[in-house]
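Heads up: numbering here begins at 1 and tracks the sequence.
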Amino acid sequence: MKAAVIYQAGGPGRLIIEDRSVPEPNPGQVLVKVKAFGLNRSELMTRKGYSPGVLFPRILGIECVGEIVADPDSKWQPGQQVAACMGGMGRDYDGSYAEYAVLPSSIIYPFNSKLSWDILGAIPEMFQTVYGSLHLALRIQKGESILIRGGTSSIGLLAIQLARHSGLSVIATSRSEEKKQFLIEAGAEAVLIDDGNLKAQVDKLYPGGIDKILELVGANTLKDSLSCAKPGGSVCMTGMLSEIWSIQDFAPMDYIPAAVNLTVYDTGQIKVDVDAFQSFISMVERGEIKLSIGGVFKLDDIAQAHKLMDSNKASGKIVITTD
């Protein structure tokens with residue numbers, strides 16, 4: 001099989017296409033023919049050497065869609081459409097940057113769809129992250145206000161749509177004035193230009209604060225996001241677009257405003273149920289949700305795809321297909 005392997009941390013050029021033997025699954029595992037997968041910021045950080053505990057050489061990739069080839073436990077049938085994400089993929093063991101992948105049965109999501117593989121490849125991690133952040137972590141309710149900080153990211157763009165679909169008033173952010181109309185067309189009712197200090201802008205729109213805030217930028221803007229929430233409101237830190245993981249000298253009593261809730265969402269800890277996953281795919285098929293695809297590349301061109309991800313100019317999910 002063909003695989004993109006990284007032997008040493010660094011830039012996109014560290015991803016090397018090579019031939020490898022197709023791996024064989026053991027009990028509790030399945031062999032999947034990878035049809036497509038999306039790129040994720042966490043893979044960028046692993047590529048740069050920012051993921052503690054990841055040993056090289058490694059085949060990266062924390063998600064994929066494809067078909068079952070073999071299952072020693074006979075739980076899944078050959079040819080069955082499946083998705084997978086997280087569960088140590090591309091970090092603890094080789095992931096999806098290949099034509100075939102051996103994956104734990106526990107992270108497999110069966111589904112049925114006639115969507116093309118490049119569309120399906122954008123869905124697994126993006127949907128799980130957005131749905132989990134909005135419904136499991138923030139527990140959004142119809143009629144609430146929500147601020148999506150990092151609105152032009154693939155996660156942010158889908159969050160705008162799902163929040164609007166659930167009846168929330170959506171405010172999104174961008175660092176660029178040029179992206180303002182783009183976010184309005186994506187479904188945001190208001191767009192704030194993010195200079196690192198949103199509270200003054202938020203106070204003009206919502207003097208009492210915002211009900212729910214989805215933080216996708218990272219630890220460097222989290223304190224400002226917390227200051228924008230109303231008492232009883234919630235902030236969920238999900239993304240790290242800034243590539244900043246931690247907060248120095250964190251003092252909770254000074255950092256978190258009184259009566260404001262702070263939570264996180266991580267697909268590696270909580271999984272969305274299979275029915276919700278299939279329901280979302282059906283929404284995409286019916287045209288109720290429009291996925292933002294920032295580029296589609298072949299596996300041979302994965303270094304070029306990583307360069308695009310590095311540039312932050314994709315305006316949507318970057319997808320790799322293997323056929």
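Ser234 and Arg139 share no side-chain donor-acceptor pair at under 3.5 Å. Side chains of Glu285 and Ser113: a donor on one and an acceptor on the other come within 3.5 Å.
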Residue pair Val69, Val32: steps toward the side chain to side chain contact (heavy atoms under 4.5 Å, CB included) verdict: CA-CA 5 Å; Val69 176; Val32 174; over 6 Å; no
query: Can Met126 and Ile155 be said to form a side chain to side chain contact (heavy atoms under 4.5 Å, CB included), step by step?
result: CA-CA 6 Å; Met126 184 165 63; Ile155 297 297; 3.9 Å; yes
field: Working for side chain to side chain contact (heavy atoms under 4.5 Å, CB included), residues Leu198 and Arg149
entry: CA-CA 10 Å; Leu198 292 178; Arg149 192 163 198 167; 3.4 Å; yes
message: side chain to side chain contact (heavy atoms under 4.5 Å, CB included), that's the test. Do Lys317 and Asn40 meet it? Break it down for me.
response: CA-CA 8 Å; Lys317 187 79 169 181; Asn40 297 277; 2.8 Å; yes
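Cluster annotation: Leu157 is not connected to Ile171 through the hydrophobic network of ILVMFWY side chains, with a link wherever side-chain heavy atoms come within less than 4.5 Å. Val130 and Ile146 end up in the same hydrophobic cluster when Ile, Leu, Val, Met, Phe, Trp and Tyr side chains are linked at under 4.5 Å.
Rounding to the nearest 0.5 Å gives a distance of 10.0 Å between CD of Gln29 and CD1 of Ile107. Taken to the nearest 0.5 Å, the CD1 atom of Ile16 stands 9.5 Å off from the CD atom of Gln8. Interatomic distance, CD of Glu215 versus CG of Asp224, reported as 8.5 Å (0.5 Å rounding).
Taking all atoms of both residues into account, the shortest heavy-atom contact from Ala98 to Met1 is CB-CE, 4.0 Å. Residues Ala3 and Ile59 share a closest heavy-atom pair of CB-CD1, 3.8 Å.
Counting only heavy atoms from C-beta outward, the side chains of Met283 and His165 approach each other to under 4.5 Å.
Considering Ile68, Asp71, Val102 in turn, Val102 is the only one that fulfils the side chain to side chain contact (heavy atoms under 4.5 Å, CB included) rule with Leu31. The only member of Phe277, Phe127, Phe280 that meets ring pair (Phe, Tyr, Trp, His ring centres under 6.0 Å) when paired with Tyr109 is Phe277.
Surrounding CD of Gln181 are more than 12 heavy atoms belonging to other residues, nucleotides or ligands, all under 6.0 Å away. When the shell of 6.0 Å around CD of Glu18 is examined, it contains more than 12 heavy atoms from other residues, nucleotides or ligands. Remark: Arg14 CZ is packed, more than 12 non-hydrogen atoms of other residues, nucleotides or ligands lying under 6.0 Å away.
By the 4.0 Å N-to-carboxylate-O rule, Asp94 lies close enough to Arg58 to be salt-bridged with it. Ionic pairing of Asp323 and Lys33 is present here: one or more N-O contacts between side-chain nitrogen and carboxylate oxygen are shorter than 4.0 angstrom.
Using the six-membered ring where Trp is involved, Tyr255 and Phe250 have ring planes that are perpendicular, over 60° apart on the 30 and 60° scheme.
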